Each structure stands twice: as structure tokens, then as C-alpha cells.
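Structure first, then comments.
This is a predicted model, so every value here is computed, not measured. The sequence lines fix the lettering, A, B, ..., with proteins before strands; numbering per chain opens at 1.
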Amino acid sequence: MEQDKWKEELERIAPELISELKVKKEPDKGLPELDINGKLVMRFAPNPNGPATLGSARGIIVNSEYTKKYNGKFIIRFDDTDPVTKRPMLEAYYWYIEDCEWLGAKPDEVVIASDRMEKYYEVARQLIEKEAAYVCFCGQGTFKELKDAKKSCPHREQGVGKNLMFWDKMLAGGYNEQEAVLRIKTDIVHKDPAMRDWGAFRIIKTPHPRKEVGDKYCVWPLLDFEGAVEDHLLGVTHIIRGKDLMDSESRQKYIYRYLGWTYPKTLHWGRVKVHEFGKFSTSGLKKAIADGTYSGWDDPRVPTLRALKRRGILPEAIRKFIIDLGLSETDISLSLDSLYAENRKIIDPIANRYFFVWKPVVMSIEGKEHTVARAPIHPVGGGVREIPVQNTVLVCRDDAEKLNAGDKLRLKDLYNIEITGTSPLTAKFIGTGMELVKKDKAGIIHWAPPDGVKVRVLSPGGEYEGVGEAGIVNEKDSVVQFERFGFVRIDSVDDVVVAYFTHR
RNA sequence: GCUCCGAUAGUGUAGCAGGCCAAUCAUUCUGGCCUUUCAAGCCAGUGACCCGGGUUCAAAUCCCGGUCGGAGCACCA
């Protein structure tokens, strides 16, 4: 074949290159290298209108991971410049920081946009003076029509003097909402309609939820403006964010050009969908919590970091999971299986084992009075847990339904029995040896003493109620495994033990 | 409508300045071993370069067209 001829040819003319062909290319692991000169400064910029979700985790982890790797600076900046549509939630400022720390991404600096309004006003004034911004009085619809027709609005060329006057009047509260807006002058005939003279400030008379701010301002910057100015003021060198903000970059660059600033290097990732959570938005969750669909921001069915934490998902597992996603611009639709697998790897070696019987059915046993079961706390760890047993035990209904009179099986870590009746469920003791299991391949089921503790397990798929062995009450806040059920985090141990399901 | 991205197994990902690729790793699934849990561990297996052209001795990799998916054109972030 032709394909092989080049090799012979190369052999003849440059045999020293042949060895080079055999060199394997090194596969790139983890995050790609960044192109850096000077100190790396990165930021994660959420709107605190709700707690951090799994989506936020990507922004937190990737940005902080890079700043750790290159010894840079990691800033968290709250883009809280919309007191109405995406109204900030006061607790969320604190929650975000707490979640960052939990994830091992303690910010080096925390910035709140609503504290820095004067700086934005100052830049706006500079732009007006450079004839790069103007106060526009067109209604929303009117402007859109003009823009779509590539026509400039009458206010575009009204002159610096008038613009300054109008701007001052805006700041002083001299206009109503919707009446005036400050626009950045770009290129009204730009082929991409998204670039044409975009809005930078609008009037909002609703007070900001932060007490420090309140009704101090009635002119608020839009994200493209606030973000552009902040990234420059904070000295951000690299921005990594969702690709939905790609167009923002082109818009923001007009400001950078007008003011002679250097735009940070950017990298983007695609849209993320998580099978297990379906479509969700912070505002949607907020509503579902308010109407009682979910019990709160840490309901096990909700995709917040607080919920994952409560379920016993460890931050290291989340970090690994996120970093393995890489930085592709492809839209992804992922399942949490990998996250659970990572978490299981960490938890399985250390989680204590317990019996929990869901949908319990009573089984009475003849031929053996009082005994104490000695079960290993962990299959490879040291200790044992002792469970006193009289002549009845509880077993799962799912197991009970498969049993017939005459069946022989083993109660795990206890003894062997033979079923003597199914309604009610009765059995007789037939020995303690392991031969029944090893030779006769009898099944093994787990069980619980009737005087054990009541247990409720809250899982994303619903609730389980049943009885567990008494030792569970000593495991508050730890992640344990309920044998043949899955891992759970023991959340509270009052009259009933409440456990949050982690994963299988 | 206009504009901008992207496309490798079920899922995520590596490779993408052309030959090391009958394509990496992880997870899922299947089978086996091990095990007093249907967990974990160990071994094995199934499974992918969106389609069509072009350039080239050689294309997952470069070019063009199409399809599909996503995003922007907000007085949201």
C-alpha cells in the first residue's frame, strides 16, 4: 500500500527520524495550561440571589484551582446590581463564602459590586466625556426597532454637554424608571445586532436589600458594564466562564478600547445540564421552596451545594468531578454517576456499617432464645457491633415476599434459619455454621431487632421509613453505610433518626 | 430574522500545529473471581471520531457545504 511507502522512503533519506515516530505523545491530564505572564488574577462572580449550586461549583473550583496552581489571586465578586429581577438574598453572600471554603477555595479577596457604585459612575462620566456614551430616552421597543434597522436614535449625537447634564439628572433621581438609559456607543451598523449601542445603566427606584446600600442609588449598571469595569479595576488577568457570555466580551471590548485598557484572556465552557436535576434556575427553586415543594435550600432533591453537603457528598469528590469535566466549549448533559463514584471511593473505606430495615416485617424464630449478634463495623476495619436478639427480628418486606416455607437462609452475622410459615412470617433456628452459605449457596439477608431505633431516610427519590440497629444514634453527622441499602449521612438522632441518602 | 459558538462509546473526557489512533482515561452496563452487603476490590468484555464533499501518499485532526445542539440581539445575571 501507498501508506507504507513513505516509511521506506524515510528510512532511505533520513533514518534518524524514524525513532522520533515512536515517541508517544503525553496525554494531558486535568486542566490545560494557561498562558500567563505576571501574576495570575482570577475571579468568580455570582449574583447572590440564592445559594451556590453545582453549576456555581464549576466556576468556583476551576478558577480557584488555577490560582492555586500558579500561585495567583482568587477573588469572589458579588454582581448584585439588580435589586429587582434578580434580587439578592442577604444570606446568600455569606453562604457563597462558606461554600467556597467548604470546597477548599477560600477567596483571597471579596468584592461586592453594590459597594462600588461610585467607581462605575466615574467611568461612565469618562465615557460620556469621550463621546463614547450617551443618555437615551427612547422606549425599549423604539430603540429595538431603530437598532434592528441599523439606524441611530436621535439622542446618539446630542453632544457631550447635554449628555453630562442628563446623566447628572439621572443620578439625582430626576427621571422615572424606564425614562432614560445610558448607552455605550459602539457601531450602529455592526453586522451582529447584539453589538449595537448596548445599555450600560438603567434607573431602578426599588431599594437594594443590603442595608448598607438601601435607597442610596437609583441608577444601576448592567452586567456588561459592571463586569467590564470591575475586571479592569481588580486587575483580573484571566476569565473563565460560560460561553453564554462570549458576546459580552465583544461588547465590553468597546469600553476597553475607549479607555485604553487591556482585556483579560478568556476561556469558556458550554452549557451544563444534569440529568438528575432536570432544568432548574435559582428563581425557579426559590419559588418551589416558597410554595413548599421543597423543604428548603438543602432539600435532598435540590442541586445546591448545601444539599449535596447535607447528603454526605464530600468536597473532594466534587472537585475531582468538576475538574474531570475539563474546559470544553461543548454543551454537556451529564449524570451524577461519576460524582457518586468519586465520593464512594472516599467514603467506602471509612463508613461504618449498620443494618437498616425498610418496610419492616416481623419474623418470629423458634429454637433459639437470647443471643448477641457480633457484626463487623466495617468489612476490613477492626471492631464489631453487638446486637442483642430475642426470638423475633424485622426483615425487609421485599425480602420477606420472596420467601417460602422450607427455604433456608442466613440472617447476616447471626445464624441460619428455615422458613416455617409466611403469614405470619415464622422460622426456626437451624444452626450457626457458614456451610449453609458456602456449600448450599443459601441467601443472606440483613435484619434489625424489633426494639431498634426508628429511622427515616430522605432521598432524592422519596422517603424510606423503617428500623435500624441502636448503634446508629452514635453516628450523628457521619456518613455510614446501611448494608444492602446504600450510604447515608446521619442528620439528626432525636426520637427518630433522620438520615439523608448519599448514593448507593 | 441577524450574529456567534460547538459536535469523539450511554455519559464525561484525551488526542485535533495530519502519519504513533483498528483512538485515551473515568463512569455506566454485561460476564467471571473474591466476599457472611445486591457495597467495595480484582479480571475480562460490549461500546465512539455527526453527514457529504475536497486537499494529501496519509484526515478524528486541515478546507468547504449540510445537519443537529447551544448562546446572544434585555432598562436579567
Side-chain angles (χ1 to χ4, degrees), chain A residues 1-7 9-10 20-29 45-49 79-82 84-86 88 136 139-140 143-144 147-148 150 177-183 190-196 198-204 219-220 222-224 226-227 242-248 250-251 268 270-271 273 275 282-283 320-321 324-326 328-342 344-345 347-349 351 353 355 375-376 378-380 410-414 416 434 436-438 442-446 481-487 504:
Chain A
M1 284 302 282
E2 287 282 353
Q3 283 93 326
D4 298 321
K5 277 193 179 162
W6 68 268
K7 250 182 194 171
E9 189 70 5
L10 187 61
E20 211 166 288
L21 291 172
K22 300 281 182 269
V23 180
K24 262 276 189 221
K25 282 179 190 163
E26 296 275 328
D28 259 344
K29 284 283 175 212
N47 174 3
N49 61 338
D79 284 348
D80 60 344
T81 55
D82 182 351
V84 179
T85 323
K86 296 213 168 157
C136 171
Q140 265 180 80
F143 186 81
K144 182 173 167 44
K147 183 196 69 182
D148 287 345
K150 299 185 180 178
E177 290 189 11
Q178 311 284 315
E179 209 176 321
V181 60
L182 186 79
R183 289 190 183 285
H190 196 288
K191 64 173 181 168
D192 182 351
M195 292 307 129
R196 301 174 198 154
W198 49 275
F201 285 85
R202 82 299 210 188
I203 297 165
I204 294 178
V219 175
W220 288 90
L222 270 342
L223 179 73
D224 282 337
E226 181 265 331
K243 69 174 180 181
D244 48 318
L245 266 10
M246 270 176 155
D247 289 328
S248 279
S250 316
R251 282 192 288 268
H268 301 92
R271 209 181 105 119
K273 245 192 276 177
H275 296 310
T282 304
S283 48
K320 178 79 164 50
F321 173 69
D324 282 351
L325 295 182
S328 84
E329 284 184 22
T330 316
D331 299 322
I332 58 178
S333 170
L334 48 87
S335 103
L336 260 22
D337 284 342
S338 309
L339 172 64
Y340 295 158
E342 290 302 338
R344 194 179 294 116
K345 278 179 201 160
I347 268 174
D348 183 69
R353 267 58 172 173
F355 289 151
H378 189 280
V380 292
R410 183 176 179 83
L411 294 175
K412 185 167 187 283
D413 303 314
L414 186 59
N416 305 325
M434 287 306 296
L436 184 72
V437 169
K438 305 239 185 209
I444 299 171
I445 62 170
H446 73 291
Q481 188 196 52
F482 284 166
E483 294 194 36
R484 303 212 300 147
F485 180 78
F487 294 90
R504 278 202 64 84

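Remark: B:C42 base-pairs with B:G32. Criterion, Watson-Crick or G-U wobble with two distances under 3.5 Å. Remark: B:C21 base-pairs with no nucleotide; criterion is Watson-Crick or G-U wobble with both hydrogen-bond distances under 3.5 Å. Across the strands present, B:C62 finds its partner in B:G54; the criterion is a Watson-Crick or G-U wobble pair with both atom distances under 3.5 angstrom. With both pairing distances under 3.5 Å, B:C49 is matched to nothing as a Watson-Crick or G-U wobble pair. The partner of B:A26 is B:U11, by the rule that a Watson-Crick or G-U pair needs both atom distances under 3.5 Å. Pairing for B:C75 is absent, judged as Watson-Crick or G-U wobble with the two contacts each under 3.5 Å.
In this structure, A:Lys345 reaches the B:U27 phosphate: one of its side-chain N or O atoms is under 4.0 Å from OP1 or OP2. Residue A:Thr81 has a polar side-chain atom (N or O) positioned under 4.0 Å from OP1 or OP2 of B:A77. For A:Lys273 and B:G69, the shortest distance from a side-chain N or O to OP1 or OP2 is not below 4.0 Å. The side chain of A:Arg344 contributes an N or O atom lying less than 4.0 Å from OP1 or OP2 of B:A40. In this structure, A:Gln178 does not reach the B:C75 phosphate: none of its side-chain N or O atoms is under 4.0 Å from OP1 or OP2.
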Discussion item. Protein within reach of the bases, or only the backbone? For nucleotides 7-13 of chain B, mark each nucleotide 5' to 3' as B, S or -, using heavy atoms under 4.0 Å.
Written reply: S---SSS

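When all heavy atoms of A:Asp331 and A:Arg271 are compared, the closest pair comes out as OD1-N, 2.9 Å.
In this structure, A:Phe485 and A:Glu342 both approach RNA chain B, and ranking their closest nucleotides by distance from the 5' end singles out A:Glu342.
Across the protein-nucleic acid pair, A:Arg353 atom CZ and B:U36 atom P stand 14 Å apart, rounded to whole Å.
With sequence neighbours left out, the ring pair (Phe, Tyr, Trp, His ring centres under 6.0 Å) criterion links A:Phe485 to A:Phe356, A:Trp358, A:Tyr464, A:Phe501.
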